[in-house]
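These notes concern the structure reproduced below.
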Amino acid sequence: MQYNRKERIERLALLYPGDAASLCELHFDGPFQLAVATILSAQCTDQVVNSVAEVLFRHFPDAKSLAAADPQVVEELVRPTGFFRNKAQNIISFSKEVIARFAGQVPDSIDQLVGLSGVGRKTANVIVTVGFSKPGIAVDTHVIRLSKRLGITDFTDPVKIEMDLMSWLDPEEAAAFGLRLILHGRRVCSAKRPRCQMCTLGDICPSFGAF
Ligand code: SF4
């Protein structure tokens with residue numbers, strides 16, 4: 001059977017319609033809150049992050065307020081997301097850095113974002129794509145797994161996958177495509193128990209039934 005990328009891209013778009021902002025399951029108001037929510041989402045579900053962030057942003061809605069926050073108060077607020085001491089420290093430091101280096105405005109480029117506290121390449125891509133509608137793709141564990149199972153890339157390293165996908169995807173569609181892989185990974189094609197028998201991509205997936 002021949003599998004082509006175009007068909008898989010189109011089928012995923014039919015399955016999960018919308019743009020990057022609407023496909024992202026985190027709740028936020030503006031790039032700063034998106035950045036904080038994304039930092040909190042490491043090793044945590046978006047549902048838990050959303051419930052934590054709702055309370056956190058009620059107390060600390062912007063960089064100025066979070067930069068001045070009592071670390072122990074922030075730790076307690078973000079505790080349900082796991083790794084809460086590190087995450088509290090990161091979001092407070094991130095806020096201070098945004099104020100000191102970018103006049104309180106979250107930057108919109110990967111290069112400026114990577115290296116800020118708690119921000120790696122994946123988080124930076126979420127911020128620029130979802131927060132600023134710029135081209136990019138956030139490669140997380142779902143994107144790595146799904147792109148391999150669907151035969152979309154030969155690479156396994158996250159940065160190489162990102163570069164490969166960005167080299168042939170329509171830049172305007174790249175972010176949404178990545179988020180569609182994430183949604184399909186969460187809902188159907190899980191790491192341990194992919195539900196191939198109920199997967200609507202089964203007829204175009206080279207890994208159908210291989211588990
Ligand atoms: S057919 Fe199976 S392996 Fe392929 S995307 Fe669907 S669930 Fe994943």
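One-based numbering, in listed order, for ligands and for the atoms of each. The chain is numbered in sequence order, starting from 1.
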Would you indicate whether E172, at its atom CD, is surrounded by more than 12 heavy atoms from other residues, nucleotides or ligands within a distance under 6.0 Å? no
Please tell me whether S93 and N90 have a donor and an acceptor in their side chains that are separated by less than 3.5 angstrom. no
For atom 2 (Fe) of ligand 1, how many protein N, O or S atoms come closer than 2.8 Å? 1
Checking side-chain polar atoms at under 3.5 Å, does S51 have a donor or acceptor matched by the opposite partner on E54? no
For Q89, give me all partners under side chain to side chain donor-acceptor pair (under 3.5 Å), at least two apart in sequence or on another chain. none
Using the six-membered ring wherever Trp is involved, compare the ring planes of F177 and W168 and label them parallel, tilted or perpendicular (cut-offs 30° and 60°). perpendicular
Does any N or O in the side chain of N50 come within less than 3.5 Å of the main-chain N or O of D46, such that one atom is a donor and the other an acceptor? yes
